[in-house]
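Here the structure is laid out as structure tokens; the discussion comes afterwards.
Labels below follow one simple rule: chain letters A, B, ... track the order of the sequence lines, proteins then strands, and each chain is numbered from 1.
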Amino acid sequence: MSQTVVLGVIGSDAHVVGITILEQAFNAAGFDVINLGVQTSQEEFAEAALEHDAEAVLVSSLYGHAEQDCQGFHETLEATGVDATTYIGGNLAVGQDDFEETRATFEELGFDRVFDSETDTEEAVAALRQDLQLRTPETERPTISS
Amino acid sequence: MSQTVVLGVIGSDAHVVGITILEQAFNAAGFDVINLGVQTSQEEFAEAALEHDAEAVLVSSLYGHAEQDCQGFHETLEATGVDATTYIGGNLAVGQDDFEETRATFEELGFDRVFDSETDTEEAVAALRQDLQLRTPETERPTISS
Amino acid sequence: MIRDERIPSEELQRIDEQIRSNWSTGEAVDFEDAIEYHESLPERKRFADVLESADSPLLQPRAGVPQLDDQVELLEYLHSEGKADLLPTTIDSYTRDNEYGKAQEGLEKARETGEDTLNGFPAVNHGVEGCRELIDAIDAPIEVRHGTPDARLLAAITFAGGFQSFEGGPISYNIPYTKRHGLEETIEKWQFVDRLAGAYTERGVRINREPFGPLTGTLVPPSIAIAIMLVEGKLAATQGVRSVTLGYGQVGNIVQDVAALNALKKLGNEYLPDEVVVTTVFHEWMGGFPPDEARANGVISLGGMTASIAQPDKVITKSPQEFQGVPTKEANSAGLRTTRQVIDMAIEQQIDIDGIEEEQDLIERETRCLMDTIFDHGDGDVVQGTIKAFDSGALDVPFAPSDSAAGAVLPARDDDGRVRIFEWADLEMDDDIKEIHKARLTQRADTEGRDQSFRMVADDVDAISDGKLIGRPQGGV
Amino acid sequence: MIRDERIPSEELQRIDEQIRSNWSTGEAVDFEDAIEYHESLPERKRFADVLESADSPLLQPRAGVPQLDDQVELLEYLHSEGKADLLPTTIDSYTRDNEYGKAQEGLEKARETGEDTLNGFPAVNHGVEGCRELIDAIDAPIEVRHGTPDARLLAAITFAGGFQSFEGGPISYNIPYTKRHGLEETIEKWQFVDRLAGAYTERGVRINREPFGPLTGTLVPPSIAIAIMLVEGKLAATQGVRSVTLGYGQVGNIVQDVAALNALKKLGNEYLPDEVVVTTVFHEWMGGFPPDEARANGVISLGGMTASIAQPDKVITKSPQEFQGVPTKEANSAGLRTTRQVIDMAIEQQIDIDGIEEEQDLIERETRCLMDTIFDHGDGDVVQGTIKAFDSGALDVPFAPSDSAAGAVLPARDDDGRVRIFEWADLEMDDDIKEIHKARLTQRADTEGRDQSFRMVADDVDAISDGKLIGRPQGGV
Ligand code: B12
Ligand code: B12
């Protein structure tokens, strides 16, 4: 019953700490996590998702070039034949921007959910559970909240 | 040739440090300073100015009630027969105000010059010298700038 | 002749009735009803208990606006956004002058225009009911902070109104705050305030009393501040107060500040009766602030750092807008959160700095000299001793605007930035201690290649707002 | 096989010509003309001299925008309003990837739309002339800061453009900044950069080189950072660099940070040849910041406090907007001024904290273990040793995104907030040192009543942004 998520940092962004924490959180929540690491191209995301039959693709971006890096991302997924829930999160704009604008921009690009960098990992886990219509397995709860 | 200035903190304001510093600066600059201290009423300013035949009356206020405290100040001076240069300085408004507005308010009340609390004492001394048309006595310069 | 003796209860009642007739709202004060109200308050609103049981420094800002609704909103904001542990209600200047009529005008004008025409909350005018509305609305303990020489009516109303902590004292709210009130007069008036707090205490409602430690806020040598705290603590204890928070204002030298807070705590416990629970409060820098919020944040943080080492029971925070005027609620909260971050990051670290014991020892010896002279002046009576010691100049406060203090003693920083005494005037002090100060100041004068003078004092007064701790000569001489 | 040997001058020329042909602006580089230009610069623009002759820590922010005019304005602002002593020019990400074409597009789009479409200043695209306009316009030394694995063209153009300081190194701009560049490759490329700096140095133009000390910015144990600094310093020295600034990123524990900076300075002087002038730079907290400017100011101030005690030659400041994104110039200046105020208030105070020597001793022993293993791995050659030690995991960096590092070592804070190693993986270290770490971490686990786990590491990663130093479990477990 465990579901696979593909995780990575897009573009030439090397901020790795966030996805390291996310990997651990999704693992602890019972997902199978394929962590592609930093500086992952659109194609690498698509191929990994295809190969592992991933339910979700989680894109991280911190360095401020997310918008450029994600142009055509969903077209690439589609072209590869991937139909997964897509999330993006991190620090998505250069400078001191308003997050609601940012969210709109990325939803328009096709992401199912957009997270800011204040996101708690539990929040993201809960959202994905909901989107994939999973229920929290009783036994895992203490692991997550501890 | 030394000139007399009357100095004090108006109203029920007790902030004494500023006038202590001012007293010392005007003294060092060769003025005769009559320091009335804190919590000085309009009448006390007027009487002291009259008694000592003061060239200037320097009013200080820090606690934010300057405007109320100075209502009718110049009328009081006039009624007592005092015709002196008047300055006010310190922290003249309650809260985070724009100083240009504050300056206008106090000029309207009749003050010849209005100083904010970033005022350097030398600035005030130089201004008074100019207004009373005094020249810096050569011998005092080192004392002031040292 | 006024002495350090407890006011008899009939006398307490007589004064109480008299002062309550000074303003219309005095009538509504009813002691039994007040006790009942206090007893109805939940534990988290009981000031003394919350403060005394805390295991790390609690943070408290200063704040007061004229209207009740606005005050509720302001305190709620400081509680939720600033994460203040303890809240204040700062009283307006007219009330401090006992000008309740003017305060009423101001309050009415505020209600009409929506402007803050008073620089604080006129608690007397709001009366018992108004105060209780405030206490009911806010989910944390609240203290009355003011600066009132004669605070008797204010105390009667705010105690009945549910406040459980009250700042000030006969010296600390006289010498720095007013020119003409005699010490004898303010002591008498504060004996009543303390006696009233004691009456509540006897009935199980421990009103916390907090002498105002920073005094003139400007380079006050620690021992002078501590001696005055001990005197006020003793006076309060005599009247039955059992929860006393002694205060101290940051001078900016970490070693000296930590040493002073240690000495304050130690001597407080030593000089005050055992039945009094002594806590300490550290005030972030009370002198002139930099005219720049960014630099002000640095000053505030140095306070937080010091607090994390000394661990007082409470810290009164400043805002980055201190220089400019009464802060916005946002700035006030920012000061709280900056302080919190520094304390929380530093407090778990073991930071033992060399020289603290030595400095503490010096401060204790100085304080004992001052306490001894006070007792001597009063033949063992601390009230008479205080009055006479101020009179003779044996006890003095730098930059005191009051006619009751000589204000002749002058402080200056030594080469390490510690506050020493440059001009002793008649201040009582052992010669060997004077020699220590002199040596330190001579060292500084040598470093700077100039004589000790008032100029040095003036430079020190401006130093922190100019961005330094020590007022070194700028450029050439 | 690449070794720690100076690139012969013919080889230098050959590479120089080759890399200059990578982008149109490369042509304009002329070494003799560049020397002349540097010689024409006034003393106050000479980076190494200004830095090495300072008598208290100099402050430097990070800042870079795409357009030249904007960059001039930005730096002027940081100089005049922020009172920065040294200025930066941070390079955009495309340039870091050697994607000069994309950078050109971004620059042109920036010129058209007025928006900052690049996250830094594309110095290669601005070319020698553009760089000199910047150098001419700003009355202070300016450093190139980037994060580029292959920075050869960037160096050629910025050196000729008048910059006299250049951040980075083959490990420090590889391991934290890129996934796929091999170490052998980046070492070779940085040997060229250092050799070019050395060529200028030989002609009297001392280009300052600054290895990037903070690495991944996230709980990097001091000895790992220091060892890498020593390696990069040695490599630079071999190529003729004579002014080296070794870096270190604040971990937030004052004792450990001061000890680390002391150790860095001491070991730098010991391991680097005598003819190199070694200075140090302290980076204010490089990990995740609080999402709140007020709390961020507390983090920044703790950095200032640490700097005032350790007295590094330079401090790289953070802004209160660090969490959010690239700061406005006002916020950037605010970070500078907050830092300045704290340093200036604290630096004249004598603050000797217990335990610094002990911690420094531990850091030095650890660093020596790492240096020994590097030399051993390379049979005395530091280049081969570094490559092989990273390969075997004997040298490693926590949270390294690079394929060239195992990234298997995991740090965690001890009960005092000092960064220790929780998972050693293959990191080379004497057993008795490992025991010390283990004991400290066990103590913490006991305090918290939980096992050591990755959860603890994750909590520590978030702790400062959550307002604490140590990631203690929240509420119940
Ligand atoms: C550490 C750090 C670095 C380290 C990174 C080391 C490494 N390899 O990981 C170093 C020093 C190398 C670095 C370099 C750079 N950095 Co940096 N860095 C940071 C810093 C301080 C902390 C990031 C971090 O580790 N946070 C801790 C982790 C746990 O949090 P996180 O990354 O935010 O991730 C969490 C959430 O965002 C969320 N999340 C993240 N992704 C996703 C995805 C999904 C789907 C979901 C649901 C959630 C989610 O969950 C995560 C876990 O809690 C931030 C500022 C900050 N936040 O305080 C700047 C910051 C991100 N960096 C920035 C920049 C500009 C850079 C550089 C371009 C600049 C330079 N001058 O060198 C380079 C880029 C290099 C590159 N090629 O990527 C900017 C980005 C600006 C913007 N977006 O507008 C920031 C905001 C700093 C700033 N204010 O300027 N950086
Ligand atoms: C120290 C201080 C105190 C001490 C004063 C001790 C004493 N008796 O002197 C104590 C703690 C007692 C105190 C009390 C109060 N204070 Co007070 N205090 C300050 C503080 C921190 C420093 C003032 C100071 O000494 N500065 C150093 C001296 C050298 O500078 P200065 O006074 O500004 O004077 C210089 C210039 O202004 C100028 N200047 C001044 N007057 C004049 C006149 C002329 C003609 C000229 C040319 C120049 C000039 O030259 C002087 C020398 O350089 C300021 C905030 C700040 N500035 O940082 C608040 C501040 C002035 N206080 C303030 C307030 C509200 C109060 C209280 C009402 C509040 C309270 N909660 O108790 C009470 C008032 C008591 C009373 N009755 O007056 C507010 C005023 C708000 C406003 N104007 O909007 C301030 C700005 C703090 C704040 N941000 O809220 N305070």
| field | Flag, side chain of R180(D) to backbone of S404(D), donor-acceptor distance under 3.5 Å | value | no
| Using 4.0 Å as the upper bound for N to carboxylate O, is an ion pair formed by D460(D) and R455(D)? | no
| For F399(D), is it the side chain, the backbone, both or neither that has a heavy atom under 4.5 Å from a heavy atom of chain A? | both
| Ring-ring centroid check F45(A) F73(A), cutoff 6.0 Å | yes
| query | For P398(D), is it the side chain, the backbone, both, or neither that has a heavy atom closer than 4.5 Å to a heavy atom of chain A? | reply | neither
| task | Tell me, out of I21(A), T40(A), V16(A), D116(A), who's got the most heavy-atom pairs with chain D below 4.5 Å. | result | V16(A)
| For the rings on Y87(A) and F115(A), is their centre-to-centre separation under 6.0 Å? | yes
| By a 4.5 Å heavy-atom criterion (distance strictly below it), what part of T178(D) contacts chain A: side chain, backbone, both, or neither? | both
